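What follows is one structure encoded as structure tokens, with my remarks underneath.
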Amino acid sequence: MTRTAPTGEPDPVRLGLLYAVVFVEIGIAMPFMPVWLGALGLDAGLIGLLLALPIATKVVATRPLMGRIDRGVRPRTLLVAGSLTLALSYALMPAAAAIAAALLVPLIVVNAVAQAPLVPSIDYLTLAAARRSKRIDYARIRLCGSVAFLAANLAGGALLGLLGDRVAVPLLLTGLALAATLVAASGQEVAPPAEPHSKRGASPPLPRVLRLSIAAAALIQASHAAIYAFGSLDWARHGVSPPWIGALWAVGVTAEIALFALVGRFPARWRSPFRLLGLGAAAALLRALGLSLADGELALLLPLQMLHGLTFGATHLGIMAAVSGFAPDGARGRAQGTIGASTALVSALATLACGAVYRSFGGPSTFLMMAPLALAGLVLVALAQRIHDPHRFGGGSPHKV
């Protein structure tokens, strides 16, 4: 195929808008899809299955879908096709539920397949733009997604109250997916499509330093499993009021946004993949230990939640810098897909383990169980750094965020 060079300078505003529309949809779906399923009167066991299906589906679907980019499929094609399919699946869900709840199963699988490449494709586009233009700041563009997610969390509850659980969720999600389709379809290309493998030989393998970095990031992100699944429940059992529980979650997302906004001011050596991943792992270890001792004390919970800026934000920026710096041409799509699939798989397994431990031993043990994941991630970061530069631990890298 003929490679078409991108024209003009990449537009950071449009890239930020892409993140915003996709993350608003996620910010509505994540907290309120369970509410919608509950409003249908479904059995708790079926609701659990329907909520687990997207995780399992993304583990299987993300890597091969993103690998299509390395075979010449444009990222925007994945974004448009995925968003359209997402809108269609959301639009059909109310009718399917009215006929038979079992019909939701294939729709949710299709929905998860459609959603799997959306955020990785925007990451691919934004990193390509950052490599092409020095004025593109990945972290500042990515913070648009976090701001949109927080805004959707806050506004979603009010909209549900106005429209009702059974109407608002599928209606909002259909509209948001269509909006994402329009934004994706109207954007310019920021990178030429990859040449198909048949023209340049086999797809290049991911280097060991990148595979270790991806494994480290997956472990660090999986250390959030306990707080994502049981944080609110455990705090409520210790007497923390609902408004304070909401505030604790908001503090975490705000810290993440602050890091994305300010990381460009860090010294260059602290913006390398290994420094950022190491910061994320160390913060995750401290957070796990602290949460195991907090017992609902707000004086401890507030600073521990602020660590989310590092446990999630620094880890995410670190692995994006690693992909930009270490992934070979012709394997960047597969690298993005591997991150998504690996993180989903390890997080799903960690969540299952948390359920068993929480039921048997309670919150402190569940939070403490996340510490080995963070520690293992820290060890893998150190190993990746040693492989990359055996003479300079913690030093520079070919790319910084």
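Just so you know, these numbers come straight off a predicted model, no measurement behind them.
Note that CG of L15 is 4.5 Å distant from OG1 of T126, once rounded to the nearest 0.5 Å. The distance from atom CD of Q115 to atom OG1 of T57, rounded to the nearest 0.5 Å, is 11.0 Å. Rounded to the nearest 0.5 angstrom, I319 CD1 and D123 CG are separated by 11.0 Å. Expressed to the nearest 0.5 Å, how far CG of L53 lies from NZ of K58 amounts to 11.5 Å. The CZ atom of R76 sits 5.0 Å away from the CG atom of L125 when rounded to the nearest 0.5 Å. In this structure, the separation between CG on L373 and CD on Q221 is 11.5 Å, given to the nearest 0.5 Å.
Residues L212 and A384 share a closest heavy-atom pair of CB-CB, 3.9 Å. S89 and L86 make their closest contact through OG-O, 2.8 Å (heavy atoms, listed as atom of the first residue, atom of the second, distance). The minimum heavy-atom distance linking D70 with G333 is given by the pair OD1-N, 3.0 Å. Listed here is the closest heavy atom pair of V323 and A335: CG1-CB, 4.2 Å. Residues A376 and L219 approach most closely at CB-CD1, 3.9 Å, considering heavy atoms. In this structure, S347 and A222 approach most closely via the heavy-atom pair OG-CA, 3.6 Å.
Residue-environment remark: CH2 (W244) stays at or below the threshold of 12 foreign heavy atoms within 6.0 Å.
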Decide side-chain hydrogen bond (donor to acceptor under 3.5 Å, both in side chains) for S146 and R142; before the verdict, give the C-alpha distance in whole Å, the side-chain angles of both, and the deciding distance to 0.1 Å.
CA-CA 7 Å; S146 297; R142 174 58 180 78; 3.1 Å; yes
Begin from the C-alpha positions of L40 and L104 and carry the test side chain to side chain contact (heavy atoms under 4.5 Å, CB included) through to its verdict.
CA-CA 12 Å; L40 296 175; L104 288 173; 4.2 Å; yes
I would like to know whether F230 and F361 meet ring pair (Phe, Tyr, Trp, His ring centres under 6.0 Å); could you show each step before the answer?
CA-CA 13 Å; F230 297 104; F361 302 104; over 10 Å; no
Given the rule in the side chain to side chain contact (heavy atoms under 4.5 Å, CB included) test, do L173 and F32 qualify, once you have shown the distances and angles that lead to the verdict?
CA-CA 10 Å; L173 294 175; F32 298 118; over 6 Å; no
Does the pair L259 and L317 meet the rule for a side chain to side chain contact (heavy atoms under 4.5 Å, CB included), with working shown?
CA-CA 10 Å; L259 178 72; L317 293 177; 4.2 Å; yes
Can you list the steps and then say if Q336 with L127 is a side chain to side chain contact (heavy atoms under 4.5 Å, CB included)?
CA-CA 11 Å; Q336 292 285 356; L127 290 175; 3.2 Å; yes
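Between F260 and H316, the ring planes are perpendicular. Angles over 60° get that label, and only those under 30° would be called parallel. Taking the six-membered ring for Trp and thresholds of 30 and 60 degrees, H308 and F312 have nearly parallel ring planes, at less than 30 degrees apart.
Side-chain contact check for L107 versus L103: every heavy-atom pair is 4.5 Å or farther apart. The shortest side-chain heavy-atom distance between L65 and V113 falls under the 4.5 Å cut-off. Looking at T315 and L277, their side chains come closer than 4.5 Å, going by heavy atoms from C-beta outward. Side-chain atoms of Y90 and L176, non-hydrogen and from C-beta on, never get closer than 4.5 Å to each other. With contacts defined as side-chain heavy-atom distances shorter than 4.5 Å, the pair L150/W249 does not qualify. Residues I26 and L118 are not in side-chain contact: their nearest non-hydrogen atoms beyond the backbone lie 4.5 Å or more apart. Side chains of L279 and R275 form no contact here, defined as non-hydrogen atoms less than 4.5 Å apart. The shortest side-chain heavy-atom distance between F23 and V147 does not fall under the 4.5 Å cut-off.
Between the side chain of S292 and the backbone N or O of L368 there is no donor-acceptor pair closer than 3.5 Å. Using modelled atom types, one side-chain atom of Q305 and one backbone atom of L248 make a donor-acceptor pair closer than 3.5 Å. A distance-only check finds a donor-acceptor pair linking the side chain of R287 to the backbone of L304 [under 3.5 Å]. A donor-acceptor pair is defined here as one N or O able to donate and one able to accept, closer than 3.5 Å; no such pair exists between the side chain of R332 and the backbone of Y124. Here the side chain of T343 pairs a donor or acceptor atom with the backbone of I339 at under 3.5 angstrom. Listed for the S324 side chain is no donor-acceptor partner under 3.5 Å among the backbone atoms of M320. Looking at S272, its side chain never comes within 3.5 Å of a backbone N or O of A268 through a donor-acceptor pair.
Applying side chain to side chain contact (heavy atoms under 4.5 Å, CB included) to V183 and the options V22, L17, V80 leaves one that passes, L17.
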